[in-house]
Amino acid sequence: KQWYQRRVAITAGVKDREDSSKILTPVVPGVNLPNSQIIPYLLTLLVSGIFHEYGHALAAAREGVSMYGAGLFMFLIYPAAFVDLNTESLKCCDAFQRLRIFCAGVWHNCIMMVGAYVIWTSLPFTLFFLCY
């Protein structure tokens, strides 16, 4: 256990390993995530997963790669999404097009993060004008 804490502390960029408040901690529902927050947490994971996979599908459509389908599934309690692309038409793309398709999910995650930040920072102004 001590080796794991040191490893996590090193990867998190923590200089003082004794300060346990700066160690990255995984979110475990029911352990360090209150039971009242499990449903919003899982819904957030589902929405971000769908948006991520939508990025892959949109980039594949832009590059002319056919898609067999898309869907949702549950892995234990983790909601997840997937996009099933035609591997033959994916192989016909050049390396830059494949890279664009593979990185589109991360790009969409970044866009969603910026949008969430803008909404979060604008809430005091929005709520102020709604209340008065």
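Below, all heavy atoms of this structure are taken into account, side chains as well, without hydrogens, waters or symmetry copies. Quantities reported herein were computed from a predicted structural model and do not represent experimental measurements.
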Hey, quick one: are L46 and M74 part of the same hydrophobic cluster, counting side-chain heavy atoms closer than 4.5 Å, chains of contacts allowed?
no

Under a side-chain separation threshold of 4.5 Å, the hydrophobic residues clustered together with M67 are V65, V83, L85, L90, I101, F102

Could you name each residue pair satisfying ring-ring contact (aromatic ring centres under 6.0 Å, His included) that touches residues 56-79, not counting sequence neighbours?
H52-H56

Rounded distance (nearest 0.5 Å) linking atom NE2 of H108 with atom CD of E53:
11.0 Å

List, by chain and then residue number, the residues other than W107 in its hydrophobic cluster (Ile/Leu/Val/Met/Phe/Trp/Tyr, side-chain heavy atoms under 4.5 Å); write none if there are no others.
I111

Between V47 and I50, is there shared hydrophobic-cluster membership here, with clusters defined by ILVMFWY side-chain heavy atoms closer than 4.5 Å?
no

Between G49 and A81 the two heavy atoms that sit nearest each other are O-CB, 3.8 Å

Going from CD1 on I39 to OG1 on T44, what distance comes out if it is rounded to the nearest 0.5 angstrom?
11.0 Å

Surrounding CZ of F51 (heavy atoms of other residues, nucleotides or ligands, distance under 6.0 Å), is the total greater than 12?
yes

Can you see which heavy atom on S48 is nearest to which on N109, and at what distance?
O-OD1, 4.0 Å

Give a yes or no on whether L33 and L42 share a hydrophobic cluster (residues Ile, Leu, Val, Met, Phe, Trp, Tyr; joining criterion: side-chain heavy atoms under 4.5 Å apart).
yes

Given the rule that I, L, V, M, F, W and Y join up when any side-chain heavy atoms are under 4.5 Å apart, are L76 and F82 in one cluster?
yes

Of all heavy-atom pairs linking A59 and R100, the shortest is CB-O, 4.0 Å

In Å, rounded to the nearest 0.5 Å, how long is the span from CG of D94 to CD of E63?
7.5 Å

Supply the atom-to-atom distance W120 CH2 to M113 CE, rounded to the nearest 0.5 angstrom.
12.5 Å

